[in-house]
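Below is one structure, written out as structure tokens, with a few remarks after it.
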Amino acid sequence: GPVREARWLGDGLLASTGWNGLKPAGVALIDVKRDTVRTIDGAAARFSFEDEILLAHGDYSSSDGVRAYSLEGRRLWEALEGEAIGGVVALGGRVYVEVASGRSPTVAVFDLRSGAELKRVAARFPEFVSRRHGT
């Protein structure tokens, strides 16, 4: 059945996503002040949020990459289209994306604001992110 998750973004906004069975539900912005719901990315099943930028993405079962949106719903950048990705973590102005293609684990690092790919590192995703940020 349907599964949803939501996160408070501030200033009356929620982001929601999930699954309708095996199909991604997309990412929607819910404005509780205006009582409106607007889907900004119909292909995504997950999202991350950092510094007023919403990152919409799928997971291993899809290969739609990651897309960044403003809180107004305007697409800012997209990356890794056609590549299967795993985890996405935004921290300290960077976006760390587990790239699931290939034999060895890879983490692609992007600038949060511009979407410029800064580097790719042959590393296991959880260890790379936790070592990088001391968590």
Side-chain angles (χ1 to χ4, degrees):
V3 175
R4 295 292 183 273
E5 65 179 71
R7 179 173 174 190
W8 181 253
L9 305 179
D11 197 31
L13 285 177
L14 285 165
S16 173
T17 191
W19 298 89
N20 293 323
L22 298 175
K23 182 180 176 192
V27 173
L29 289 175
I30 303 165
D31 188 326
V32 298
K33 292 179 181 177
R34 295 187 179 122
D35 197 27
T36 60
V37 177
R38 183 168 55 127
T39 299
I40 61 169
D41 191 307
R46 305 215 181 279
F47 68 86
S48 304
F49 180 69
E50 169 87 6
D51 200 21
E52 298 194 5
I53 294 180
L54 189 68
L55 300 164
H57 51 92
D59 61 15
Y60 294 111
S61 65
S62 63
S63 51
D64 60 351
V66 61
R67 291 157 306 284
Y69 293 90
S70 69
L71 291 181
E72 293 78 35
R74 184 174 48 90
R75 186 178 289 189
L76 303 173
W77 54 266
E78 60 185 285
L80 303 171
E81 185 176 351
E83 294 191 52
I85 62 170
V88 175
V89 174
L91 292 167
R94 301 285 186 258
V95 180
Y96 303 92
V97 182
E98 180 182 22
V99 181
S101 59
R103 289 182 166 254
S104 62
T106 304
V107 176
V109 182
F110 297 89
D111 179 81
L112 176 64
R113 293 268 169 223
S114 71
E117 185 170 340
L118 303 174
K119 62 183 166 182
R120 286 201 190 200
V121 179
R124 295 182 57 82
F125 185 71
E127 289 98 12
F128 176 79
V129 174
S130 64
R131 268 190 269 124
R132 173 95 172 125
H133 293 282
T135 56

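Residues take their numbers from the sequence shown, with the count starting at 1. All values derive from a computational prediction rather than experimental measurement.
By the salt bridge (charged side-chain N to carboxylate O under 4.0 Å, His left out) test, E50 is found to be paired with no residue, residues two or more places apart in sequence or in another chain being considered. Listed by chain and residue number, nothing satisfies the salt bridge (charged side-chain N to carboxylate O under 4.0 Å, His left out) test with D35 (two or more places apart in sequence, or in another chain). In this view, R74 satisfies the salt bridge (charged side-chain N to carboxylate O under 4.0 Å, His left out) rule with no residue, not counting sequence neighbours. Evaluation of the side-chain hydrogen bond (donor to acceptor under 3.5 Å, both in side chains) rule for D111 yields R94, S114 as partners, not counting sequence neighbours. Not a single side-chain hydrogen bond (donor to acceptor under 3.5 Å, both in side chains) links R7 to another residue, sequence neighbours left out.
Under the 4.5 Å side-chain heavy-atom criterion for grouping Ile, Leu, Val, Met, Phe, Trp and Tyr, L55 is not connected to L14 through any hydrophobic cluster.
E98 places a side-chain N or O within 3.5 Å of a backbone atom of G87 that can act as its donor or acceptor partner. Of the possible donor and acceptor atoms, none in the side chain of R120 sits under 3.5 Å from a partner among the backbone N and O of T106. In this structure, S48 contributes its side chain and V88 its backbone to a donor-acceptor pair below 3.5 Å. Put simply, the side chain of S70 gets close to the backbone of E72: a donor and an acceptor are under 3.5 Å apart.
The shortest heavy-atom contact between P24 and A44 is CB-O, 3.4 Å. Closest heavy-atom contact between A28 and V37: CB-CG1, 4.0 Å. Contact between T17 and G26 at its shortest, heavy atoms only, is OG1-O, 2.9 Å. Considering all non-hydrogen atoms of both residues, N20 and P2 come closest at OD1-CB, 4.0 Å.
Looking at D31 and R38, no side-chain N of the basic residue comes within less than 4.0 Å of a carboxylate O on the acidic one, giving no salt bridge.
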Check: Step by step, would you call R46 with E5 a side chain to side chain contact (heavy atoms under 4.5 Å, CB included)?
Finding: CA-CA 9 Å; R46 305 215 181 279; E5 65 179 71; 3.9 Å; yes
Next item on the list: Begin with the C-alpha distance, continue with both residues' side-chain angles, and end with the deciding distance and a verdict on side chain to side chain contact (heavy atoms under 4.5 Å, CB included) for E78 and D41.
Entry: CA-CA 12 Å; E78 60 185 285; D41 191 307; over 6 Å; no
Next item on the list: Would you check, one step at a time, whether the test side chain to side chain contact (heavy atoms under 4.5 Å, CB included) holds for R67 with H57?
Entry: CA-CA 7 Å; R67 291 157 306 284; H57 51 92; 5.6 Å; no
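Hydrophobic cluster membership of L29, counting Ile, Leu, Val, Met, Phe, Trp and Tyr whose side-chain heavy atoms lie under 4.5 Å apart directly or via other members: L9, L13, V27, I40, F47, F49, L54, Y69, L71.
Atoms CZ and OH, from F110 and Y96 in turn, are 12.0 Å apart once rounded to the nearest 0.5 Å.
Side-chain atoms of L80 and V97, non-hydrogen and from C-beta on, do get closer than 4.5 Å to each other.
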